[in-house]
Undergrad: 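Provided herewith is a single structure, encoded as structure tokens, for subsequent inquiry.
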2 protein chains.
Amino acid sequence: MTVTEAAAERLVRIGEVARDAGVSVRAVRYYEQQGLLIAERSPSGQRLYRQDTVTLVRFFQQMFAAGLTSRRIAELLPCWDTGHTDAEQRAMLRAERDRIQAKVDDLQAALDRLDEVIAITDTHP
Amino acid sequence: MTVTEAAAERLVRIGEVARDAGVSVRAVRYYEQQGLLIAERSPSGQRLYRQDTVTLVRFFQQMFAAGLTSRRIAELLPCWDTGHTDAEQRAMLRAERDRIQAKVDDLQAALDRLDEVIAITDTHP
DNA sequence: CTAAAACCTGACGCCAGCGTCAGAGGCAAG
DNA sequence: CTTGCCTCTGACGCTGGCGTCAGGTTTTAG
């Protein structure tokens, strides 16, 4: 392995990123459009991503599942990247955390409700 | 209190239902349109609801929060009302339950991720 | 060399749970 | 009576995360 080989990042195209992350190509393009991803371009204009982009996309999916919007995630990215935050960002992080926690509690309550219904319908066949 | 007074249901108009349940008037009309609520009508055409409608609307909100669609809720209503279900409905109930449980797990994972980020940003001020 | 597969840029479509505006009627109080 | 709030029926708008089609270029496999 030469120095230049070690220095050169291995870049992958959009299809590989999408497949490895388990999302559609369209989704990846969308993330870029929303400022969540930045891609280099090949001379012919094709997007080239660093391989750890897959990890990032999986992170996005997780945040989407938690109800964060792409805008919020974009605001969070600096924290994630640099590990450096100002007071406002930290407040936002905690706010999102609390929102998710509240959502978990809501879901748990809904779950309990459904379990009640299930219990009733099982004893009343 | 006379017999007729005891027998007569107290009916409320849409505004009261909405306010007591903490939703908009528009939302209540929407629920009716989706077959979740049935209203009597006054001679002039105004909707009249039984007072326990408020409970029902709160239940809807809980289910919406859990990610159920109004269609699903409409399919669940017979179980809820009569306490009587066929096999298909019981299967649906369990499927929804499992879906919600999975969602709770996802959210918990996202929460843990965010907590990691928060921990890092707190130690890296 | 050629055909298939992958990629590109728009741009419109979709769903669900409402928000919101328009225009008109009902209803208790002063 | 009229003022002011509540209600009615449409009907269009919005948001977000993509799906999907159109029409063209590029890369890759054989």
Side-chain angles (χ1 to χ4, degrees), chain A residues 10-49 53-54 56-77 96 99-100 103 106-107 110, chain B residues 11-49 53 56-77 96 99-100 103 106-107 110:
Chain A
R10 202 190 147 233
L11 298 178
V12 297
R13 293 191 300 169
I14 194 170
E16 191 171 336
V17 171
R19 200 176 53 239
D20 290 359
V23 303
S24 69
V25 168
R26 176 68 172 92
V28 178
R29 289 203 195 99
Y30 175 74
Y31 301 156
E32 182 175 338
Q33 197 179 358
Q34 302 305 306
L36 300 181
L37 292 178
I38 297 176
E40 295 182 42
R41 296 299 183 119
S42 76
S44 66
Q46 300 203 342
R47 291 171 177 84
L48 296 177
Y49 298 95
T53 302
V54 174
L56 208 51
V57 171
R58 290 216 183 94
F59 175 69
F60 297 159
Q61 290 293 110
Q62 214 166 18
M63 293 302 114
F64 284 144
L68 278 77
T69 65
S70 52
R71 179 166 302 277
R72 274 280 186 251
I73 299 176
E75 290 167 2
L76 290 178
L77 272 187
E96 289 299 338
R99 232 184 31 73
I100 298 175
K103 207 165 182 177
D106 282 356
L107 282 190
Chain B
L11 298 177
V12 297
R13 292 190 299 172
I14 195 169
E16 191 171 336
V17 172
R19 202 177 45 245
D20 291 359
V23 303
S24 70
V25 168
R26 175 70 174 93
V28 178
R29 290 203 193 98
Y30 175 74
Y31 300 157
E32 183 176 338
Q33 197 179 359
Q34 302 304 306
L36 299 181
L37 291 178
I38 297 176
E40 294 183 42
R41 295 301 182 118
S42 78
S44 65
Q46 300 201 340
R47 291 172 178 83
L48 296 177
Y49 297 95
T53 302
L56 208 50
V57 171
R58 291 216 183 94
F59 175 69
F60 296 158
Q61 290 293 111
Q62 215 167 16
M63 293 303 113
F64 284 142
L68 277 78
T69 65
S70 51
R71 181 166 299 277
R72 274 280 186 250
I73 300 176
E75 291 168 0
L76 290 179
L77 272 187
E96 288 299 338
R99 232 185 28 74
I100 298 174
K103 207 164 178 177
D106 282 356
L107 284 190

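Any value given below was found using the heavy atoms of this structure, including those in side chains, with hydrogens, waters and symmetry copies removed. Protein chains get the first letters and strands the later ones, always in sequence-line order, with residue 1 at the start of each.
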Undergrad: Given the rule in the salt bridge (Lys or Arg N to Asp or Glu O under 4.0 Å) test, do A:Glu16 and A:Arg47 qualify, once you have shown the distances and angles that lead to the verdict?
TA: CA-CA 11 Å; A:Glu16 191 171 336; A:Arg47 291 171 177 84; over 6 Å; no

Undergrad: Around atom CD of B:Glu40, are there more than 12 heavy atoms from other residues, nucleotides or ligands closer than 6.0 Å?
TA: no

Undergrad: Could you check whether B:Arg19 gets within reach of a base, just the sugar-phosphate, or nothing at all, counting any heavy atom under 4.0 Å?
TA: nothing

Undergrad: Ignoring hydrogens and geometry, is there a side-chain-to-backbone donor-acceptor pair from A:Arg58 to A:Asp20 under 3.5 Å?
TA: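 Yes.
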
Undergrad: Does anything in residues 56-75 of chain B reach DNA chain C, meaning a heavy atom under 4.0 Å, and if so which residues?
TA: B:Gln61, B:Phe64, B:Leu68, B:Thr69, B:Ser70

Undergrad: Inspect the contact between A:Glu75 and A:Arg72 and indicate whether a charged nitrogen and a carboxylate oxygen are less than 4.0 angstrom apart.
TA: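 The answer is yes: the pair qualifies as a salt bridge.
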
Undergrad: Can you find a heavy atom in the side chain of B:Tyr49 that is under 4.5 Å from one in the side chain of B:Val28?
TA: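 Side chain of B:Tyr49 against side chain of B:Val28, heavy atoms only: contact under 4.5 Å found.
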
Undergrad: Within this structure, what is the CG-to-C1' distance between A:Leu48 and C:dC8, rounded to whole angstrom?
TA: 13 Å

Undergrad: Let me know, please, whether A:Gly45 or B:Gln34 comes out on the 5' side of the other along DNA chain C by nearest nucleotide.
TA: A:Gly45

Undergrad: Suppose we call two aromatic rings close when their centres sit under 6.0 Å apart. Are A:Phe59 and A:Phe64 close by that rule?
TA: no

Undergrad: Return the value, rounded to whole Å, for the distance between atom CG of B:Leu11 and atom P of D:dT7.
TA: 14 Å

Undergrad: Under 4.0 Å between a side-chain N/O of B:Arg47 and OP1 or OP2 of D:dT7, yes or no?
TA: no

Undergrad: A:Arg13 and A:Gln46: side-chain donor and acceptor closer than 3.5 Å?
TA: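 Yes - a donor-acceptor pair under 3.5 Å links their side chains.
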
Undergrad: Rounded off to whole Å, could you give me the CG-to-P distance for the B:Leu37 and C:dG17 pair?
TA: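 Checked: the CG to P distance equals 14 Å.
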
Undergrad: When you check every protein heavy atom under 4.0 Å of nucleotides 22-30 of chain D, what one-letter string (B, S, -) results, 5' to 3'?
TA: ----SS---

Undergrad: Taking atom C1' of D:dT15 as reference, at what distance in whole Å does atom CD of A:Gln33 sit?
TA: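 Nearest whole value for this atom pair: 15 Å.
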
Undergrad: Would you call B:Glu32 and B:Arg41 a salt bridge, using N to O less than 4.0 angstrom?
TA: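 Yes, this pair counts.
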
Undergrad: Just the rounded figure in Å: distance from P of D:dC6 to OH of B:Tyr49.
TA: 16 Å

Undergrad: Is there a side-chain contact between B:Ser70 and B:Tyr30 in this structure, where contact means two heavy atoms from C-beta onward sitting under 4.5 Å apart?
TA: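 A side-chain contact under 4.5 Å exists here.
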
Undergrad: Is it true that A:Glu96 and A:Arg99 make a salt bridge, defined as a side-chain N closer than 4.0 Å to a carboxylate O?
TA: yes

Undergrad: Within a strict 4.5 Å, meaning less than it, do heavy atoms of the A:Leu76 and A:Leu68 side chains meet?
TA: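 SC-SC contact between A:Leu76 and A:Leu68 confirmed.
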
Undergrad: B:Glu16 CD to D:dC5 C1': how many Å, rounded?
TA: 15 Å

Undergrad: Of the residues in residues 24-31 of chain B, which ones touch DNA chain C at a heavy-atom distance under 4.0 Å?
TA: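 Per residue number, the list reads B:Ser24, B:Arg26, B:Ala27, B:Tyr30, B:Tyr31.
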
